[in-house]
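Just below is one structure, and these are the notes that go with it.
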Amino acid sequence: MTSHTAPSTSFSTTEPFTTKLSTTDVEPLLKMMETLRDPQTGCPWDKAQTFQTIVPFTLEETYEVADTIERLAWDELPDELGDLLFQIVFYCQLGKEQGLFDFATVIEKISDKLTRRHPHVFGDKNLQIGDSAQTMKANWEAIKVLEREQKALQAADGAKTDIIVSALDNIPRSQPALSRAIKIQQRVARVGFDWAELEPVVAKIHEEIDEVLHEVNQPEQDQAKVQSEMGDLLFAVVNLARHLKVDPEQALRQANLKFELRFRGVEQLASDSGKSMQEHTLMELDTYWDQVKATEPR
């Protein structure tokens with residue numbers, strides 16, 4: 001998915017979208033995946049894949065779904081969601097071949113989880129937990145805490161040692177660092193490990209900047225220490241975003257796009273001048289940058 005066309009409005013926003021296919025038509029897709037992995041007649045590339053080798057493609061497809069939504073390219077979204085669904089089907093085929101699980105197992109797991117986490121909908125209709133989205137989220141988090149405790153007990157498998165259930169349990173280490181940072185901060189905040197005011201949050205950023213500069217200005221610079229302090233600085237900036245109720249991942253994506261559009265404008269102005277980018281001074285390029293910014297809607 002490389003197209004960056006204008007957002008499509010081909011899907012109605014007032015009437016439900018319908019299709020002739022039914023939900024049971026996932027079976028042909030499962031059979032297709034099975035055929036692709038057939039030891040004798042399957043595709044060499046598909047047969048060579050493992051759980052580990054598919055992960056990068058899953059991440060790529062997830063980002064493409066997010067990009068499509070951000071561009072409001074609704075006509076492209078079914079295709080991108082199909083690519084993402086195929087990743088799930090691929091994992092299920094691998095699990096089936098190894099006797100671990102299959103597609104039906106995945107459906108059963110998510111169905112059970114949704115039922116368990118929405119007792120006010122699928123359980124006791126008289127259960128009173130509030131009617132706001134914030135209250136629902138708090139109840140959901142309480143249920144997830146209980147689930148983590150149950151997992152810890154299962155992992156202990158009868159051990160006599162005391163079980164310590166951490167607020168940080170079950171946060172995937174493979175999760176992108178930026179989103180994992182905010183997940184960690186959200187978890188510890190729920191148990192009271194958080195500043196109530198903005199001032200110390202901002203002060204922490206200034207403190208981390210000073211520590212980065214301290215390492216940078218050493219006579220013999222230790223790159224490992226510089227990296228460590230930069231990590232602390234980024235973590236502190238994510239914390240500020242959280243306190244401001246800003247999604248840092250989305251904010252950075254928007255910043256990336258803004259920079260890209262502005263830089264392309266600088267390139268255009270440089271081309272219009274008859275000189276290459278390299279033939280310009282930095283001051284000249286900065287002037288172009290300001291010109292591009294001036295044309296942006298405020």
Return the [atom1] to [atom2] distance between [X] and [Y], rounded to the nearest 0.5 Å.
X: Asp83; Y: Glu61; atom1: CG; atom2: CD; value: 4.5 Å
X: Leu285; Y: His280; atom1: CG; atom2: NE2; value: 6.0 Å
X: Ile88; Y: Ile54; atom1: CD1; atom2: CD1; value: 13.0 Å
X: Glu80; Y: Ile69; atom1: CD; atom2: CD1; value: 10.0 Å
X: Arg262; Y: Leu257; atom1: CZ; atom2: CG; value: 10.5 Å
X: Lys96; Y: Glu34; atom1: NZ; atom2: CD; value: 4.5 Å

Considering residues, nucleotides and ligands other than [X], do more than 12 of their heavy atoms fall under 6.0 Å from its [atom1]?
X: Lys47; atom1: NZ; answer: yes
X: Lys293; atom1: NZ; answer: no
X: Glu279; atom1: CD; answer: yes
X: Met32; atom1: CE; answer: no

State, with a plain yes or no, whether a side-chain heavy atom of [X] is found less than 4.5 Å away from one of [Y].
X: Asp112; Y: Arg116; value: yes
X: Glu211; Y: Glu215; value: no
X: Phe263; Y: Lys258; value: no
X: Asn239; Y: Trp195; value: yes
X: Gln185; Y: Phe193; value: no
X: Leu168; Y: Val188; value: yes

Steps toward side-chain hydrogen bond (donor to acceptor under 3.5 Å, both in side chains) verdict (Thr41, Asp38): CA-CA 6 Å; Thr41 61; Asp38 186 278; 3.2 Å; yes
Trace of the side chain to side chain contact (heavy atoms under 4.5 Å, CB included) decision for Glu267 with Tyr288: CA-CA 9 Å; Glu267 289 178 316; Tyr288 290 156; over 6 Å; no
Same cluster (ILVMFWY, side-chain, under 4.5 Å), [X] and [Y]:
X: Val292; Y: Leu261; value: no
X: Phe103; Y: Leu100; value: yes
X: Met230; Y: Leu240; value: yes
X: Phe235; Y: Ile209; value: no
X: Val89; Y: Tyr91; value: yes

Provide the closest heavy-atom pair for [X] versus [Y] in the form atom of the first, atom of the second, distance.
X: Ser111; Y: Ile107; value: OG-O, 2.7 Å
X: Ile205; Y: Leu233; value: O-CD1, 3.8 Å
X: Glu249; Y: Leu178; value: OE1-CB, 3.5 Å
X: Val238; Y: Pro248; value: CG1-CG, 4.1 Å
X: Asp46; Y: Met33; value: OD1-CE, 4.2 Å
X: Asp169; Y: Arg187; value: O-NH1, 2.8 Å

If we ignore hydrogens and angles and just use 3.5 Å, is the side chain of [X] paired with the main-chain N or O of [Y] as donor and acceptor?
X: Thr68; Y: Glu64; value: yes
X: Glu284; Y: Thr281; value: yes
X: Thr53; Y: Gln49; value: no
X: Asp67; Y: Tyr63; value: no
X: Arg180; Y: Gln175; value: no
X: Gln221; Y: Val216; value: yes

Suppose we screen for salt bridge (Lys or Arg N to Asp or Glu O under 4.0 Å). Which residues come up paired with [X], at least two apart in sequence or across chains?
X: Asp286; result: none
X: Glu60; result: none
X: Glu208; result: Lys204

Stepwise side chain to side chain contact (heavy atoms under 4.5 Å, CB included) check, Thr295 with Gln291: CA-CA 7 Å; Thr295 63; Gln291 292 177 18; 6.0 Å; no
Trp45 vs Leu36, side chain to side chain contact (heavy atoms under 4.5 Å, CB included): CA-CA, chis, key distance, verdict: CA-CA 9 Å; Trp45 186 90; Leu36 288 170; over 6 Å; no
Audit row: Asp102, Thr105, side-chain hydrogen bond (donor to acceptor under 3.5 Å, both in side chains) steps and yes/no: CA-CA 5 Å; Asp102 59 9; Thr105 312; 2.8 Å; yes
Steps toward side chain to side chain contact (heavy atoms under 4.5 Å, CB included) verdict (Glu76, Arg71): CA-CA 10 Å; Glu76 299 176 24; Arg71 292 187 291 108; 2.9 Å; yes
CA sep, side-chain torsions, deciding dist, call: Glu260, Arg264, salt bridge (Lys or Arg N to Asp or Glu O under 4.0 Å): CA-CA 6 Å; Glu260 180 183 353; Arg264 289 179 184 276; 3.0 Å; yes
Verdict with supporting geometry, Asn256 and Arg253, side-chain hydrogen bond (donor to acceptor under 3.5 Å, both in side chains): CA-CA 5 Å; Asn256 288 340; Arg253 284 200 301 269; over 6 Å; no
Geometric class of the Phe86/Phe90 ring pair [parallel <30°, tilted 30-60°, perpendicular >60°]: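 The rings of Phe90 and Phe86 stand perpendicular, inter-plane angle above 60°.
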Gln227/Gln223 under side-chain hydrogen bond (donor to acceptor under 3.5 Å, both in side chains): CA gap, chis, key distance, verdict: CA-CA 6 Å; Gln227 178 170 307; Gln223 189 60 29; 5.6 Å; no
Cationic N near anionic O, under 4.0 Å, Arg242 to Asp194: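 Counted as a salt bridge, because a side-chain N and a carboxylate O are separated by less than 4.0 Å.
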